[in-house]
Each structure stands twice: as structure tokens, then as C-alpha cells.
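Let me begin by presenting the structure, written as C-alpha cells, before commenting on it.
Counting starts at 1 for both ligands and their atoms, in listed order.
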Amino acid sequence: MAGAGVLITACRPNSGSSGTAANENTKNEGPKTGEEETLEVTATEDLMREHGILRRALLVYQESVVKLRQDAASVPPDALEKVANLFRVFGEEYHERKLEEVYIFPTVKKAPGIAASYIDVLSQQHTRGREITDYVLSITKADRIASNSVEPLAKALEAFVRMYEHHAAIEDTVIFPAWKSAIGQTELDDLGEKFEEIEHEQFGGDGYDIALKRMEEIESSLGLSNLEMFTAPAPPK
Ligand SMILES: [Fe+2]
Ligand SMILES: [Fe+2]
């Protein structure tokens, strides 16, 4: 292996193979202190921030359910298709299949404590999630959502959001801590590096950054990128 793919912010050009920095359109974002910022992401932080991306996808689904029921024509199928594709590639094929099902679940299943008892259900939920993603992709590939598919799609999205919110919450609070205790610090550090390698192999770059950017584009195309619009109204006095 040439470069150590352990650290994020690894000076990766976004496209092309040119090594020159001639055509960078970088904005003045992030620290530029002369030295390359190299902040290590631990394996559990990595898994949890991946959940962050997936939760943002769930939020888009949730908002789409409301819109579908109010005015189905206001929901562009291709935006939903993009969310489902992101969930497939980043959530199901990478986060679930390459990390959780290979490294996390088998270890936790053998560990003492209640965490092990969740693994079968969590695995079944991965399978059910993939079935629902297949369904969402099949419905949203058309130019418009057929009227007799609107309510079934809304129901499927709603159920998916409900399932995955619980799923990720249990993983964050029970499964990942149990996994961390079971493997110990040294293996955790090694697997942090391993996860970065898998991510680079899978996406040809920093998969998290790529997924985050894609999610931001989708939110913006749907008018969902202004956090303030989600601030709850004041309660009754
Ligand atoms: Fe999972
Ligand atoms: Fe997960």
C-alpha cells in the first residue's frame, strides 16, 4: 500500500489524475495553517458519522412523505431516486455490508451482555431495508409517480424511516459501545485504519465527503437545506 489512507483531509484532488494544484477552485474554508491538518477519525466515530449521513437521507424521506400526501406532483421522483441510490451505495453496500456485517455484528454476537441479542433483528432490518430501497428505486425511476403508487410509497418510506431511526439509535448506543469494549484500543485503532482503506477502495476517495456533498445537493434541490425551517414553533402559553 502506498499512502496511508488512515487520515481524513488527505489532500485528494477531486477528479482527474493531475497532481498540480493549478486549477483548484478552493474557497477559503477550513484551516490552512501551512501544515496539513490531519485529524484522526476513530472507527466508532466513523460509523456514527455515517449514520449522520443516513439520518439526513431519512429526513428527506420524512419530508417527502408529507409532500406526497399533500401534492404528489410536487415531489420530483429523481430526487427521491437519488436519496435511495445514496442509501444503497453508502448505507447498504458500504456501511452495512462492508463494515457492520463483517466487523461489528460477528464480534458483538459473541460478546457477553445484552448487545448480542440485538444482532439477529438488526441483520433482518438490513435485509428489509434493502427490499424497501429496491421498491423505492423501482417506483422513482419513472418520470412521475403513478397515482396508485403514491400512498404505498408514502407508507413504505414512513416505515423505513421508523425502522432505521430505531436501528441506528440502538447501534449508536448499544452495539458500537459493546464492540469497542470487546475489541480494545489497539484493535480499534487498527480497524479505524482498515475502515479508511475499505472506504477508499469502495469510493475511490473519501466516501464520507462524497456522500455528504451529494446529500447537501439533494437537500438543496428539494428546498430542505435551511436548518432554520425545522426550528419548532413556540409551545402554547
Ligand atoms: Fe446496521
Ligand atoms: Fe449502522
Just distance, no hydrogens or angles: give the donor-acceptor pairs under 3.5 Å from side chains in residues 99-108, sequence neighbours left out.
residue: E100; atom: OE1; partner: H126; partner atom: NE2; Å: 3.0
residue: E100; atom: OE2; partner: H95; partner atom: NE2; Å: 2.6
residue: E101; atom: OE2; partner: H126; partner atom: ND1; Å: 2.6
residue: E101; atom: OE2; partner: R130; partner atom: NH2; Å: 2.7
residue: T107; atom: OG1; partner: Y103; partner atom: O; Å: 3.1

Those residues at least two apart in sequence (or on a different chain) that pass salt bridge (charged side-chain N to carboxylate O under 4.0 Å, His left out) with K109 are D120

Q: For the pair E158 and R162, find out whether any cationic side-chain nitrogen is under 4.0 Å from an anionic carboxylate oxygen.
A: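 Salt bridge: no.
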
query: Going by an N to O cut-off under 4.0 Å, is there a salt bridge joining E131 and R128?
result: yes

Sequence neighbours excluded, the answer for side-chain hydrogen bond (donor to acceptor under 3.5 Å, both in side chains) partners of R97 is none

- Count of N, O or S atoms belonging to protein, less than 2.8 Å from the Fe ion (ligand 2):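 Excluding waters, the total comes to 4.
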
According to a hydrophobic-cluster definition based on side-chain heavy atoms being under 4.5 Å apart (Ile, Leu, Val, Met, Phe, Trp, Tyr only), do L59 and V136 belong together? no

